[in-house]
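Notes follow once the structure below has been shown.
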2 protein chains.
Amino acid sequence: MRVTIKDVAKAAGTSTATVSKVINGSHTISKATTDRVNDIIHELKYHPNSQAQNFAKRASMNIYFLTRLDKNIAFENPHMFEIMSGVQKILDKRGYTLSVKGVNEKEACAVVEQAVMQNSADAFIVHASVISRPLSRLLIESESAHIVIGYPNFESRLCWIDTNNHLSGEIATKHLIDSGFKRTAFIGGRAGDMISWHRIKGYEDALKEASISVPKTFLKQGDSTFHDGRRMMLQLLKLKNRPDSVVCANNYIALGAVEAIQSQGLSIPEDIALITFDDYPFSKTVEPMLTVVNIDVFDMGIQAGNYVLNKIKKPNFQVQSYTTLPELIVRESTRK
Amino acid sequence: MRVTIKDVAKAAGTSTATVSKVINGSHTISKATTDRVNDIIHELKYHPNSQAQNFAKRASMNIYFLTRLDKNIAFENPHMFEIMSGVQKILDKRGYTLSVKGVNEKEACAVVEQAVMQNSADAFIVHASVISRPLSRLLIESESAHIVIGYPNFESRLCWIDTNNHLSGEIATKHLIDSGFKRTAFIGGRAGDMISWHRIKGYEDALKEASISVPKTFLKQGDSTFHDGRRMMLQLLKLKNRPDSVVCANNYIALGAVEAIQSQGLSIPEDIALITFDDYPFSKTVEPMLTVVNIDVFDMGIQAGNYVLNKIKKPNFQVQSYTTLPELIVRESTRK
DNA sequence: TGTAATTAGGAAAACGTTTTCATGTTCGGT
DNA sequence: ACCGAACATGAAAACGTTTTCCTAATTACA
């Protein structure tokens, strides 16, 4: 038979109310009683029944994490795991549970709707890729604690946390400029890729600020793949007056670019410096090791977790957005 | 005010017991009553309070998924997401919730121990990378429903589901042999990499079965990276009597190998055919598209989910292991 | 010293289900 | 027409906490 709060109360010679208060850290119990109850709890190896607790507290102690979870996500969005990890670490500390829901836009709505009705989640952490207008409305109207990871692609009153890709682009470009490079090119993703788009804008702004102008042909856009990275880099190398440095919108493109440069007998960074974004494992295993502008996604998860827990406690707490700052990690590929 | 089961009972002119039975699909309720109750449920927009349900049922309706969740996992083990996805899909259907726990070996033990004591999980799905002897003992002694994804690296009575890497190696090699290649090499991971090890064994067995013998130098082992893949492939190409085909233990090695082959002005599959394992997104974006031996990891997740749910219902159900079958996907890289 | 304020702790209700068991009703078979 | 079996339903207990009052005891203050 399980040991319940009643057993503890009896053994400690108190009421269950007192035991409950000790467990939940109420300050209306004297030190002496608290100690005694805690001793008994230890002795009897009492563990509160979490379902009973949740039930009595009218809280699910459950946070939903909604994201796409399909075949390619690990490569397209490798950060997801680490964000999840950060979130989970925080929730764990506070006794919350992280429920992962692999959904598309449509399913996300259904899941949240059901959870709101059934009260089966205390908050929602939603990846931007599954946010839709209906979902946005749902979250806001139900007054659910929530946070969006990344920026929803439309205006809304949702709370979100994101990286500053524009700033990342600036930092990367500025690093090259500061290192003495004058002719910096950019290889980016396609038009619809907002992350790449912001990084491009940052690149352009950094050039403008340094009063450097480069040919229009220095900006390339294509798929975010090794293959297209190589292809575009080769095009850049064929220019009559080729760039002395290049910013790659992401690691896959960078890998292709590295390959292209080396295939032409050129070397990095002597002939062309190269910088990219996000610190993937192969940023360090490739030759030369890549300089990157990174963001601490684990920390992003921690912040997101803290935010929703705080929001659960104090629903009036009003903050709409967080932005995490990028950091420059200088390695061989830009070291002159 | 929330609408509760009592409201439904009152409106339907029945007892709460009847409503409860309707909700839970007991077959002792007449069709007429069932319909009437369901109508009322719809009309009143009643949604059972899940915490109350869990409490009354003494079930947490929670399944823990324990896995490493660190920075590199998305690349080292990109399958994880999809397995998770498969599991979640099944659990969702049955009203269970998937709680993801990012843990190392040590933490895994603590998490399971606590969950067992508090009764906060109905089953555990554990990735082999966080399995330890103490955890194994814990799971077995507590008689918890569980399944290990992958094979624990020691004998135990744990239930597990895994792919047949040995068979995969055989299939890959046999495909090359059947396509008419006579001199097949293998580029594998390091000695400790059990996945690679099994694939190598499969390769050797397939050669043996076809009575083909190749030089010892045809078997290379190194890191599972683009870089080492290229390096080892270049070594193979330098052999006086070079191979006409190669099996790469994984996609990263394969990518390096492709690069190495093409850098020598050779072409795939005309000069050298190439086959690898697991269908990653870049298997299709690389030139030429790679033939792979794949396993359906989503389906693996589904099976794992089904298994634990079944085990929860029927604790006596005795099956210790599942093995999923690999399938060959022929693309350009082996098409003569 | 008397009174108000504070503190420590307990009794019992409440939370919303499920489940057990008893009961009345219907049915098939003789 | 009668009997036992099968069926459909309901009353009430149970699940293990938290929480809301309430009371008694102590303290603080004038």
B:Thr323 and B:Asn164: side-chain donor and acceptor closer than 3.5 Å? no
Please tell me whether A:His146 and A:Ser144 have a donor and an acceptor in their side chains that are separated by less than 3.5 angstrom. no
Does any N or O in the side chain of B:Arg36 come within less than 3.5 Å of the main-chain N or O of B:Ala12, such that one atom is a donor and the other an acceptor? yes
Please give the angle, rounded to 10 degrees, between the axes at the start and the end of the helix from C:dT1-D:dA30 to C:dT30-D:dA1, where five pairs define each axis. 30°
Take atom CD in B:Glu143; do more than 12 heavy atoms of anything else shown fall under 6.0 Å from it? no
NZ (A:Lys71) with more than 12 external heavy atoms under 6.0 Å: yes
Student check: side-chain heavy atoms of B:Tyr96 and B:Ile312 closer than 4.5 Å: yes
Do B:Ile149 and B:Ile125 come within less than 4.5 Å of each other through their side chains, counting heavy atoms only? yes
First and last nucleotide of DNA chain C touching chain B, 5' to 3', heavy-atom cut-off 4.0 Å? C:dG16 to C:dT20
Under 4.0 Å from any atom of DNA chain C, heavy atoms only: list the residues of residues 12-35 of chain B that qualify, in numerical order. B:Thr16, B:Ala17, B:Ser20, B:Lys21, B:Asn24
According to the interplanar angle, ranging from 0 to 90°, do the rings of B:Phe81 and A:Phe81 count as parallel (below 30°), tilted (30 to 60°) or perpendicular (above 60°)? tilted
Going by ring-ring contact (aromatic ring centres under 6.0 Å, His included), A:Tyr322 matches just one of A:Tyr151, A:Tyr307, A:Trp160. Which one? A:Tyr307
To the nearest 0.5 Å, tell me how far B:Gln320 CD sits from B:Leu158 CG. 7.5 Å
Both A:Arg58 and A:Ala52 contact DNA chain D. Which one's nearest nucleotide lies toward the 5' end? A:Ala52
From CD1 of B:Ile5 across to C1' of D:dA11 the rounded distance in Å is 14 Å
